[in-house]
Amino acid sequence: MARSHKPVVWGLFAAGGTASAFLVPVLAITLGFAVPLGLLSPTDLSFDRVYSIVSHPLGRLVLFGYMTVCFWHAAHRTRTTAHDVGLHNDRVTMIVCYGAAGLSTVLAALFLLSL
Amino acid sequence: MNNAPYIRPMPASWWLRQGRYVRYMIREATCLFVGLHALVLLVGVYRLSQGREAFEAFLEALWSPAGQLISAAILIMAVIHSVTWFNLTPKAMPLWIGEKQAPGWIIVAAHYGGWFVVSVIVLLLAGGLS
C-alpha cells in the first residue's frame, strides 16, 4: 500500500475532536465567564498561579498536546468541508488549512518553551 | 481532451435548502470555534510569556463585552460539537462484548457521563479544590 499522510492527519483530527468535545465547553466557562460571574475568584486565574501551572513541565506538555490536536482537528474538518461550499481546489485548501495548523503548532511550542 | 473529473456545478448555498443540510453545516462549522478556542489559548500563553502586565491585559480583554461575546460563541458551538461528536461514538467505535454488540445508547451515555465528570474536575482544579 502506498504511504500517505492521511492516517496521521485523521488521527490528529479524531484525537482533537474527542479532546475538544470533553474540554472546550468547561474551559470556555473557566476562562471566559467563571471570574466575571463570581464562580471563581480572580486569584484562581492570577498571573502567578496560571504561570506556575502552565510553566510546569507537565503543564507545558499537556497544553501543547491539547492545542496541537485542536488545531489539526479544525484544519482537517475545514479542509473536508471546504469542498462542500464550492472550494474544489483541494491542493490550495490543504496548504492553507494544514499550513495554518502547522504554524500554530510551532508557535505553541515556541511560546510554551519561552516561559 | 480534458481529463479532469467533472464536477457538477452547485451553488455554494445548496445546504440552505434543507434543515438537515443546515444542521450538517453547523456541525462542521463547530471546528472553526474549536480552532478559535485554541488560538485564544495560544494568545494567552504568549501574553503569559510576556509577563504579569501583558497577562492581566489579556484577561481584561477576555472579560470585556467583546471578549465575552467570543467566549459565548465558542461555548455554544463547542456544546454542539460535543453533543454531535458523542452521539456518533457508537458508529465511530462500536463496542463488542463477546459476540454481542453493546447497545449504542450505553456508549453515548458513558461519554456524556465522562464529559460531566471531566468538566467538574476541571472546575474544581481551577478553583484550587476549594
Side-chain angles (χ1 to χ4, degrees), chain A residues 13-14 16-18 20-36 39-51 53-55 60 63 66-71 73-78 80-81 84-88 100-101 104 107-108 110-115, chain B residues 7 9-15 24-25 28-42 44-46 48-49 51-53 55-56 59 62-63 67-68 70-72 74-75 77-79 81-86 89 92 111 114-115 118-123 125-128 130:
Chain A
F13 162 76
T18 304
S20 59
F22 280 109
L23 289 169
V24 180
V26 69
L27 288 178
I29 291 170
T30 303
L31 298 174
F33 300 109
V35 174
L39 204 62
L40 293 177
S41 97
T43 53
D44 292 330
L45 291 185
S46 70
F47 172 81
D48 294 314
R49 180 149 191 264
V50 175
Y51 192 92
I53 293 170
V54 174
S55 65
R60 289 184 215 230
L63 204 55
Y66 176 65
M67 284 157 78
T68 299
V69 293
C70 283
F71 286 134
H73 170 81
H76 184 66
R77 205 168 206 179
T78 302
T80 55
T81 310
D84 293 334
V85 289
L87 301 171
H88 299 301
S104 305
L107 287 178
L110 289 177
F111 296 161
L112 284 166
L113 286 173
S114 73
L115 288 177
Chain B
I7 297 172
M10 280 266 258
S13 58
W14 62 270
W15 50 275
Y24 162 77
M25 227 22 122
E28 295 301 291
T30 60
C31 77
L32 298 174
F33 292 82
V34 170
L36 183 61
H37 159 75
L39 283 179
V40 170
L41 296 183
L42 186 67
V45 173
Y46 175 62
L48 192 67
S49 75
R52 184 182 304 272
E53 270 176 44
F55 182 69
E56 282 167 2
L59 285 182
L62 195 62
W63 297 336
Q68 293 207 317
I70 293 172
S71 292
I74 291 172
L75 177 60
M77 291 301 266
V79 169
H81 167 61
S82 305
V83 169
T84 53
W85 191 267
F86 292 143
T89 48
H111 279 89
W115 183 21
V118 167
S119 301
V120 170
I121 289 174
V122 170
L123 274 174
L125 287 176
S130 59

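So that the names make sense, note that chain A is the first sequence line, chain B the second, and so on, each numbered from 1.
If you measure heavy-atom distances from Phe33(B) to chain A, you find no contacts under 4.5 Å at all. Only the backbone of Ser46(A) comes within contact range of chain B, with heavy atoms under 4.5 Å apart. For Leu40(A), the part lying near chain B is the side chain, with the backbone staying farther off; criterion is any non-hydrogen pair under 4.5 Å. There is no contact between Ala92(B) and chain A, counting heavy-atom distances below 4.5 Å. With a threshold of 4.5 angstrom between heavy atoms, Ile121(B) does not approach chain A through any atom at all. For Leu31(A), the parts lying under 4.5 angstrom from a heavy atom of chain B are both the backbone and the side chain. With a 4.5 Å cut-off on non-hydrogen atoms, Thr89(B) does not touch chain A at all. Looking at Trp115(B), both its backbone and its side chain come within 4.5 Å of chain A, counting heavy atoms on both sides. In this structure, chain A has a heavy atom under 4.5 Å from the side chain of Met25(B), while its backbone stays farther away. Heavy-atom distances place both the backbone and the side chain of Val85(A) under 4.5 Å from chain B. Heavy atoms closer than 4.5 Å to chain B are found nowhere in Ile53(A), neither backbone nor side chain.
Considering only heavy-atom pairs separated by less than 4.5 Å from chain B, the leading option among Ala14(A), Ser55(A), Pro42(A) is Ala14(A). Per-residue heavy-atom pair counts under 4.5 Å with chain A were compared for Gly51(B), Pro9(B), Gly35(B), Ala29(B), and the maximum is reached by Gly51(B). When Gly86(A), Cys70(A), Pro25(A), Ala34(A) are compared by the number of non-hydrogen pairs under 4.5 Å with chain B, Pro25(A) comes out ahead. Counting heavy-atom pairs closer than 4.5 Å to chain B, the top residue among Leu63(A), Val54(A), Asp48(A) is Asp48(A). Between chain B and the options Leu115(A), Ile29(A), Leu112(A), Thr30(A), the largest number of non-hydrogen pairs under 4.5 Å is found for Leu115(A).
Distance check, rounded to the nearest 0.5 Å: CG of Leu48(B) to OH of Tyr51(A) gives 7.0 Å.
Remark: the backbone N or O of Asp84(A) is paired with a side-chain donor or acceptor of Trp14(B) at under 3.5 angstrom. Although no hydrogens or angles enter the test, the distance criterion places a donor-acceptor pair under 3.5 Å between the side chain of Arg49(A) and the main chain of Asp44(A). A distance-only check finds a donor-acceptor pair linking the side chain of Ser114(A) to the backbone of Phe111(A) [under 3.5 Å]. A donor-acceptor pair under 3.5 Å links the side-chain atoms of Thr84(B) to the main chain of His81(B), judged by distance alone. The backbone N or O of Phe13(A) lies less than 3.5 Å from no partner atom in the side chain of His76(A), so there is not a single donor-acceptor pair. Arg52(B) places no side-chain N or O within 3.5 Å of a backbone atom of Phe47(A) that could act as its donor or acceptor partner.
Between His37(B) and Tyr66(A), the ring planes lie perpendicular to each other; the angle is over 60°, past the 30° to 60° tilted range.
Annotation: Tyr46(B), atom OH; neighbour count of heavy atoms from other residues, nucleotides and ligands within 6.0 Å does not exceed 12.
With sequence neighbours excluded, the residues satisfying side-chain contact (heavy atoms from CB on, under 4.5 Å) with Leu39(B) are Phe71(A), Ser104(A), Leu42(B).
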